[in-house]
Structures are given as C-alpha cells and as structure tokens.
Engineer: 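I'd like to ask you about the structure that follows.
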Amino acid sequence: MNTFSSPRVPLHLDDRISLASGIGMPPLGLGVFKVEDGQELVDAVKSAIRLGYRSIDTASVYGNEAGVGRGIREALAENGLRREYLFVTSKVWNSDLGYEETLAAYEKSLELLGLDYLDLYLIHWPVDGKYAEAWRALEELYRAGRVKAIGVSNFHVHHLETLMNRAEIVPMVNQIEFHPMLSQPELRDFARKHGIVLEAWSPLMQGGLFEEPLLLELAASYRRTVAQIVLRWDLQHRVITIPKSIREARIAENANVFDFELTEEDMRRIDALNVNRRVGPDPDSFDF
Ligand code: NAD
C-alpha cells in the first residue's frame, strides 16, 4: 500500500493511498455532484463499479444518496463483491454542523445509502463558528468505529490550523477544488507536512479545460484525451481524484490513466497553468 510518508504514484484502480487512520483510499473514484437521483445515477454507479472503480463520492446536499446506495447494492450483488470492496464517501451539509446535528446527519446518510458504515465522512464547508463542534462529532464516530476515516472539504490552510488547534484527530483528507488552473501549492505543502491526503474536486474544471492549448498539445503527443492528461497529472501529484460522468464511455476513459506517465518537464508545464481560478466558491467567501 502507498503510504503518505513515501507516496508513490498509484499504479492501478485497486491501488490505495494510505490515510492516517491506516486504511487505504483508492486513488480515483466516481463523483456524482449534480446527478439527479434516479435510474441514470444508479446505472452510472453500476457502470463505474463494473469497470473497476472502487470509490464513490457523494454528499447529503447532492440529494442522491438513495440512488448511490441502490447502485452500490445492485453492483455488489451482480458482481459478487462484498461491501469492503468499495470506498464510499459522503459529507455533512452546512445546516447540520453541530455536535448532535452532525451525529444525526451521519445516521441519515447511512439510512439513505442503505449502508452500515462509511469509509470517509467529510465536513463539506468550513462554516465559521460551526466546524469545530461538527469535528468533535466526526472524532466520536471515528473512535466508536462507525466510520473508517474522517476529513474535511474546502478548508484553506488557516481553516485547518484553526481546527487542528482544537482537534484531537488531524483531518485525514481535505477534498478541495483542484485542477491545472488552481493547483493550490500552499495547501499541498501544508498537507504534506501534516499527513493530510488531498482529494481533487472538479478535477476537470467542470469541462473548462478541454480547449486549453497546452493540454491539447500534450493529449496529442501522449495519444490520450485532455481528461486523461489532467487526471494523470493529479495522480502524479499524489492527489486523489473523483471525476464526474454518467456516460459509460467517459467513466471508462477517465479511469484509463494508469498505463502512461507524464515527464517531469510536462508536469511542470501543466503546473505553470495555475492562475488560482475557481469554478466553485472560495472557502473564504461562500455564503451558504
Ligand atoms: P468535473 O471536473 O469532474 O467535471 C465534470 C464534467 O466534465 C461533466 O460535465 C462531465 O460530463 C464532463 N466530463 C467528465 N469526463 C469527461 C471526459 N472524459 N471527456 C469530456 N468531458 C468529461 O466536475 P465536478 O462534478 O464538479 O467534480 C467532480 C466531483 O467532485 C463531483 O461530482 C463531486 O463528487 C465532487 N465535488 C465536491 C465538491 C465539494 O465541495 N467538496 C464540489 C464540487 C464537486
């Protein structure tokens, strides 16, 4: 297994990046943001699992945990797999941040998903004055063995510092907006120093990267797609990635990134695209 003290580039979909809890997290998973609950979602989750994905990322605010759960249960049954084969993530929404509220939100997510534990539970956004209490609830769930790993999402360095001043357990994962236009060097440094694994949301910048000339040039020279170049760049940065698609061909394409390697020079050229441009809200100024 890959450890964060000496992380190597993940070798395949079955590989694992080691979290501070000791469990391993798959390097690439399926994201399901903005996918409506329903058959299309169930089919996307099933396609992903059939294609070898072992990780699914949802959140209570996506309103689709029930469909994700159905897809998971059907795929496990149809492929003769056990629950432990998969790594399932969900997130507590802002209106549920608080000790009791967060404990209750966890139960609600489990109920909707039809699962008896999650592999990873995250605080979705760092709502001022609220995330420390919610973190106490996550620590409790983790200590009680109800969840395999706990972490945060959309935390800047200063949010992490504030949390870690009070926390007993350091967040194991920080899921952040991360793509070539926003490659977050400061957060990457901080995370490396503290053993926090980073996970990229909107790794494809929600479709905003496909006309970028450098990425098109690299796609042509490696005989890959732009999506594959970008997802490979995530992996070589040891950042877990969760591209979203509901189309089977793209779900397959996005996972087909373990059999080529970007040169150090090309990694640096992609790094140089960073302009701190976000497609999502800034964690310092979101208003929800
Ligand atoms: P993304 O960057 O994964 O882009 C998705 C878009 O790219 C979709 O329109 C899809 O059709 C298209 N696409 C996917 N693969 C493609 C391919 N191979 N070729 C061409 N187009 C392709 O955007 P996202 O959904 O915002 O982010 C991924 C996941 O991250 C989400 O689904 C969700 O699980 C998570 N997320 C988390 C947060 C958070 O606050 N923690 C915020 C946003 C997203």
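If you read the sequence from its start, that first residue is 1, and numbering goes on from there. All values below were derived from every heavy atom in this structure, side-chain atoms included, with hydrogens, water molecules and symmetry-related copies excluded. Numbering of ligands and ligand atoms starts at 1, following listing order. Everything numeric here is computed off the predicted structure, so don't read it as measured data.
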Engineer: Would you kindly specify which portion of N154 sits under 4.0 Å from ligand 1, judged on non-hydrogen atoms: side chain, backbone, both or neither?
Structural biologist: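 Side chain only.
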
Engineer: Should A200 be counted as touching ligand 1, given the test is an N or O pair under 3.5 Å?
Structural biologist: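 No.
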
Engineer: Before we go on, tell me: are the rings of W135 and Y142 under 6.0 Å apart, centre to centre?
Structural biologist: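 Ring-ring flag for W135/Y142: false, centres at least 6.0 Å apart.
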
Engineer: Could you pull out, from Q228, Q175, R250, the option with a heavy atom nearest to atom 22 (C) of ligand 1?
Structural biologist: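 Nearest option to atom 22 (C) of ligand 1, by heavy atoms: R250.
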
Engineer: Pairs in or reaching into residues 98-115: which pass salt bridge (Lys or Arg N to Asp or Glu O under 4.0 Å), with residues at least two apart or in two chains?
Structural biologist: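 Passing the test, one end in residues 98-115: E107-R146.
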
Engineer: If hydrogens are left out, which of S202, A252, P283 has an atom nearest to atom 26 (O) of ligand 1, that is, the closest non-hydrogen atom?
Structural biologist: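 When every heavy atom of S202, A252, P283 is considered, S202 comes closest to atom 26 (O) of ligand 1.
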
Engineer: Are side-chain N/O atoms of E253 and T225 paired as donor and acceptor at under 3.5 Å?
Structural biologist: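 Per modelled atom types, E253 and T225 side chains form a pair under 3.5 Å.
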
Engineer: Check each of M172, M164, R188 against I196 using the side-chain contact (heavy atoms from CB on, under 4.5 Å) test, and report the only one that passes.
Structural biologist: M164

Engineer: Suppose I only count heavy atoms of F210 and a 4.0 Å limit; which atoms of ligand 1 are within that range?
Structural biologist: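 This gives 19 (N), 20 (C), 21 (N), 22 (C) as the contact atoms.
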
Engineer: For atom 2 (O) of ligand 1, what is the nearest protein heavy atom, given as residue, atom name and distance?
Structural biologist: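 Ranked first by proximity to atom 2 (O) of ligand 1 is L204 N, 2.7 Å.
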
Engineer: Using a 3.5 Å cut-off on N or O atoms only, is K91 in polar contact with ligand 1?
Structural biologist: no

Engineer: Name the option, out of W201, Y62, W125, that contains the heavy atom nearest to atom 33 (C) of ligand 1.
Structural biologist: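 Checking each option, the heavy atom nearest atom 33 (C) of ligand 1 is found in Y62.
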
Engineer: Going by the closest heavy atom to atom 23 (O) of ligand 1, which one wins out of R247, E253, Q206?
Structural biologist: Q206

Engineer: Which pairs of donor and acceptor atoms, one on a side chain in residues 281-288, lie under 3.5 Å apart (sequence neighbours left out)?
Structural biologist:
from: D282; atom 1: OD1; to: H156; atom 2: NE2; distance (Å): 2.9
from: D282; atom 1: OD1; to: D284; atom 2: N; distance (Å): 2.8
from: D284; atom 1: OD1; to: H158; atom 2: NE2; distance (Å): 2.7

Engineer: Considering only non-hydrogen protein atoms, determine which one is nearest to atom 32 (O) of ligand 1 and report residue, atom name and distance to 0.1 Å.
Structural biologist: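 Minimum-distance protein heavy atom for atom 32 (O) of ligand 1 reads F33 N, 2.9 Å.
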
Engineer: Y53 pairs by side-chain contact (heavy atoms from CB on, under 4.5 Å) with which of L86, V45, L30?
Structural biologist: L30

